[in-house]
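Have a look at the structure below, then the notes.
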Amino acid sequence: MSPAAAIPLSRLREFVGSSHFVEDPAQLAAYEIDGRRPAAAVAPGSIDELSEVVLLAASERIALVVCGGCSKLPIGMPPSQYDLALSTARLNRVLAYDPGDLTLGVEAGIPLARLSAALEEKGQMLPLRVNFEDRATIGGVMASNSSSPLRHAFGGPRDFVLGMEFVTGEGVHTKSGGRVVKSVAGYDIHKLLIGSFGTLGVITRVNFKTFPLPPAQCAFVASFSAAESALALCRAVMHSPLQPWLMEVVDPNAGAIVSADAYRLPAQMWTVVLAACGKPSVVERHAADLPQLAESARADSFAALSDAEKSSLLGRIREFAAHARGASPAAVLFRISALPAEMADCLARTREIADRHQLPFAALVRASGLIFAALLPAEKDGDALRRLAAAANEIFLAVDKLGARAMIEWCPAELKQAVNVWGSPRPDLAVMRKLKSEFDPNGILSPGRFYGGI
Amino acid sequence: MDSKIIRELQQLLGRESVLSTSEDLMMYEYDGSIEVARPEVVVFPRTTQEVVSIVLLANRHQVPLTGRGAGTGLSGGALARQGGILLVFSRMNKILELDLENQRAVVQPGVVNLDITRAVEHAGLYFAPDPSSQKSCTIGGNVAENAGGPHTLLYGVTSNHVTGLELVLPAGEILRVGGKTIDSPGYDLTGLLVGSEGTLAIVTEVTVKLTRLPEAVKTLLAVYETVDDATETVAEITARAITPAACEFLDGWTLRVVEAWVHAGFPLDSAAVLLIEVDGLREAIEAQAAEILDVCKIHHAREVRVARDAQERELLWKGRKNAFGAVGRVSPSYYVQDGVIPRTKLPMTLRQIDVIGKKYGFEIGNIFHAGDGNLHPIILFDPRDPDQFRRAVAAAGEIMAHCIAVGGSITGEHGVGLEKSELMPLMFTEADLEAMRRVRRAFNPSGLLNPGKIFPFGKGCGEVRMPPASLAASTSL
């Protein structure tokens, strides 16, 4: 591949105009990935401009990384080559919003916060209470398959994205899916793009189902002295007729991380956080049934939260990754997909490994099947990094043995020399590589960043 | 077909697992669509390993290979368009694992949709996707076509309920994608495979999500004097963001045909009815039902009946789910469409369908998943009359063009198959189709797997279709 110096910067500048072209190293710091800066950043103002940039990149072998709010660039392995940051910031319009049909089409660069506000005006929402609330764009949330606590009730993006438009690694603008709530015409390529970290194409438009904002809501907290009891409550709720919108388990250390002045979780306890939403009668039903279920699971305490307490706690849970990273100079955050019945073992095993390597540990659990496990050393020195690497590799093995799947979302750049953040690939990698080479034959889209070195 | 291939298949699978006489093959030239295509040999594998050996044999001889479940599909997906081997899954019909704790079931592709529910309802669980053919259609076919059903309005289509698959790739390799968990690292191959119409791989095992049975259910039948009032009701229910579990529309003509056979209790003198079901927490359904009742009244419903008990509810659903069988009694044949439109366009679209019917001289019945905007106009015609057949296809094309013009889709749940492959350019550009061809190339480079499906053949104009020699009209959906 060509070295960065050979990039035809002047042509890129022509495509997008000089005010949307950045080559000043100081400004390029925002696009840094694990210590590497690109030679330039461009922000196309239209699909045509974007396609031209990608086409040029393909013919000149310019490796590019797509970015929206630049909040999640460090996720994944460092790209094997990184010449150009391609920003979707200027592709930020609502293209179609039909509140009466509960459907929405937006450009990828639209900030989630702005979109949420627009939907709220019509009494609607997307179930995407994902992190980096202030910076995240729709394109970035899709490409990283960011997790939302509301996944408990609504599933993930694959369940409510109706279709997408995207530009392939050869600069071709294309689409899959549809704009209506039901369509089975053609292959659902958009499902591949969710969680693909920009390695298959540049997402330019996303079509969604929208949902009504609930007229009433209430959050509840039940605290327990043991993990098993907290998880028992979750199972009881899942096997009851209740339908909370979110159900999270917070371990004692994570409890300290998500506590703030506005609301502190009971110290040294395992807590289950639930939110009930809907008609007032539905929320009341949850308020009536949950205390009994909690008591049967041997809860130490049960409380309904005030609005202020709720927004503090749910806000901190939403930004758990950032707060956990604030708690350690070398935080490592695992994202582990696990089934409800494996949760307890998965938590116990990862915690035991962390303990053995003298690494403080915190876990936030999405009861429907996701664990965020954090290793939080007090120092970031060679010794800490060695312990982190050993623990991380052991956790990958242990989780795999339990039938769960793990990846590291956040870790110090240095750790990536010793640990593959995607874990060991499975036999499905061969097909994924073929798809990659069909969509990005020149290997210019975030090369090396993804699963199995894709 | 070379008799050597048939002999080899018999050696591999045993003579009892291979059909090749023309009277046997005739039984497999249909599905629920109006298309016809005869396979050259039909095989019934029992294991994934047998599927592998069939695939390897097909490769060696470069013979096309098409998978088939119960053959209830409505787009020709399970027809061997280019002949070759038809792989029927009726012997791979075992439920392999019920994981009630994690709400998952692992099943073979030939398991009948409703049998999953029957196996787990004792534990308060069920399999949510409910195509009207659910008593006979198989999960493998549901996965191939990404099947829907009335209750997908609230619960989603098949792809929302499948977490993992075992595949046999066209080169004969066994591959597992996804699993019981969701959100694994890597591309979501499971999401891609569901709805790929058997053109990327052969599915030999399916891991599905099980859903908790609702605490309470309420079924309403709203009766209208005009079609407009009924469609306006649906538009307003949607606009108020009330999402019932199901919201089905039957026009007067259709409900009279159904009533004559099923005796579901549909009022014979009405112009349209809505069959609306709410389920969930008791408190939630009471609130929803009250609001729906309010909307029905605003739009002049003559009467809103609430099913008193499970028996009455089942009868109403029997009327809905057997509607196509009923239609089969009054017409030599019918052609069912599967267009989708934004719900805000429902009233004008039904008026447009009426205009198109009159223009081509057909009675067009309407019975469909109104809450999803998923239309199923039924065009009644006599296939023995080539002119009628051509007019039926032309009328259908015009309805589809309308769906696309208002931002909709050519298929909501039946799949493209061979029936709608020529309509794909209405929805997708050449670049879009090329991207899809590349997906197919990544999996199925030789194109032997279910050839002639999804992608248009024609260069610009659609093929002129001749009426099939005879037509089966026993489908339900």
Side-chain angles (χ1 to χ4, degrees), chain A residues 98-103 123-124 145 147 155-156 158-159 168 172-176 178-189 191-192 194-196 212 241-243 278-279 281-282 284-285 337-341 369-370 404-405 407 422-423 427-429 431-432 434-435 438-439 451-452, chain B residues 101-102 145-146 148 152 156-157 159-160 175-177 180-189 191-192 195-196 214-215 235 238-239 241 280-281 283-284 286-287 340-344 372-374 407-413 415-416 424 427-429 431-432 435-436 438-439 441-443 454:
Chain A
D98 186 352
D101 187 43
L102 300 164
T103 52
Q124 296 184 359
N145 194 14
S147 181
R158 84 195 285 271
D159 296 301
T168 68
V172 180
H173 181 225
T174 157
K175 68 173 176 294
S176 74
R179 298 176 185 182
V180 279
V181 295
K182 219 171 162 190
S183 178
V184 297
Y187 299 138
D188 283 354
I189 300 173
K191 296 222 168 92
L192 294 176
I194 295 170
S196 66
L242 300 181
Q243 297 170 323
K279 299 275 186 222
S281 60
V282 170
E284 283 159 23
R285 168 77 183 276
S337 298
L339 290 164
L370 213 50
R405 299 292 301 272
M407 68 163 286
W422 300 102
D428 58 7
L429 178 61
V431 171
M432 293 182 193
K434 282 186 194 161
L435 285 164
E438 290 289 346
F439 282 90
Y451 177 71
Chain B
E101 173 80 40
N102 291 313
E145 302 300 328
N146 194 6
T152 57
V157 291
S159 72
N160 303 110
L175 180 67
R176 285 187 172 275
V177 301
K180 284 187 186 173
T181 56
I182 39 180
D183 287 352
S184 300
Y187 302 135
D188 179 9
L189 297 177
L192 174 72
S196 61
E215 175 183 55
T238 313
L281 268 190
E283 291 77 3
E286 289 307 330
V340 188
I341 52 159
R343 279 80 56 96
T344 41
D372 282 322
N374 188 182
S409 170
I410 57 169
T411 175
E413 56 182 15
V416 177
M424 285 289 276
M427 230 179 131
F428 296 107
T429 63
D432 301 338
M436 293 181 196
R438 288 185 178 211
V439 170
R441 196 164 67 192
F443 282 86
I454 301 179

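Lettering follows sequence order; numbering is per chain, from 1.
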Q: Count the heavy-atom pairs under 4.5 Å between each of B:Met436, B:Arg343, B:Arg441 and chain A, then report the option with the highest count.
A: B:Arg343
Q.
Out of A:Gln243, A:Arg285, A:Lys279, A:Lys191, return the one with the most heavy atom pairs under 4.5 angstrom to chain B.
A. A:Arg285
**Q.** Pairs of heavy atoms under 4.5 Å with chain A: top-ranked of B:Ala241, B:Gly195, B:Gly412
**A.** B:Gly412
Q: Report the option among B:Leu189, B:Val157, B:Ile454 that has the most heavy-atom pairs separated by less than 4.5 Å from atoms of chain A.
A: B:Leu189
Q: Check each atom of B:Glu145 against the heavy atoms of chain A and say whether the ones under 4.5 Å are side chain, backbone, both or neither.
A: backbone
Q. Taking all atoms of both residues into account, what is the closest heavy-atom pair of A:Ala341 and B:Asn102, and its distance?
A. N-OD1, 2.8 Å
Q. Picking from B:Val439, B:Val416, B:Asn146, B:Val177, which has the most non-hydrogen pairs under 4.5 angstrom with chain A?
A. B:Val439
Q.
Just so I understand: if I count every heavy-atom pair under 4.5 Å between each of B:Ile341, B:Thr429, B:Asn160 and chain A, which residue has the most?
A. B:Asn160
Q) How far apart are the closest heavy atoms of B:Thr344 and A:Gly100, and which atoms are they? A) CG2-C, 3.6 Å
Q | For chain B, the option from A:Val172, A:Ile189, A:Thr168 that forms the most heavy-atom pairs under 4.5 Å | A | A:Ile189
Q) Heavy-atom distance under 4.5 Å to chain A: side chain of B:Ile182, backbone, both or neither? A) both
Q: Measure across A:Ser196 and B:Tyr187 and return the closest heavy-atom pair with its distance rounded to 0.1 Å.
A: CB-CE2, 3.6 Å
(Q) Taking every non-hydrogen pair under 4.5 Å, which of A:Thr174, A:Asp188, A:Asp98, A:Asp101 racks up the most with chain B? (A) A:Asp101
Q | Toward chain B, the part of A:Ala185 with a non-hydrogen atom under 4.5 Å | A | both
**Q.** Residue part contacting chain A, namely of B:Asp183, when any heavy atom lies under 4.5 Å
**A.** both
(Q) Taking side chain as everything from C-beta outward and backbone as N, CA, C, O, which of these in B:Ser159 sits under 4.5 Å from a heavy atom of chain A? Side chain, backbone, both or neither. (A) both
**Q.** Interface residue of largest heavy-atom contact number with chain B, from A:Asn145, A:Thr103, A:Leu429, under 4.5 Å
**A.** A:Asn145
Q) Can you tell me how far the OG atom of A:Ser337 sits from the NZ atom of B:Lys180, to the nearest 0.5 Å? A) 14.5 Å
Q | Among A:Met407, A:Lys434, A:Met432, residue most engaged with chain B (heavy-atom pairs, under 4.5 Å) | A | A:Met432
Q: Output yes when B:Glu413 and A:Lys182 qualify as a salt bridge under the 4.0 Å nitrogen-oxygen rule, no when they do not.
A: yes
Q) Do the side-chain N and O atoms of A:Ser183 and B:Ser409 include a donor-acceptor pair separated by under 3.5 angstrom? A) yes
Q) Just by distance, do the side chain of A:Arg179 and the backbone of B:Gly407 share a donor-acceptor pair under 3.5 Å? A) no
Q: Could you have a look at A:Leu339, A:Val180, A:Asp428 and say which one has the most heavy-atom pairs with chain B under 4.5 angstrom?
A: A:Leu339
Q.
Does any part of the side chain of A:Arg405, heavy atoms only, come nearer than 4.5 Å to the side chain of B:Pro185, both counted from C-beta?
A. yes
Q. Relative to chain A, which segment of B:Met424 carries a heavy atom at a distance below 4.5 Å: side chain, backbone, both, or neither?
A. side chain
Q.
Need one label for B:Ile410: side chain, backbone, both or neither, based on atoms under 4.5 Å from any heavy atom in chain A.
A. side chain
(Q) Between B:Ala239, B:Pro342, B:Ala431, who has the most heavy-atom pairs with chain A when the cutoff is under 4.5 Å? (A) B:Pro342
Q. Is chain B contacted by the side chain of A:Asp159, its backbone, both, or neither, given a heavy-atom distance below 4.5 Å?
A. both
Q) Distance from A:Lys175 atom NZ to B:Asp432 atom CG, nearest 0.5 Å? A) 4.0 Å
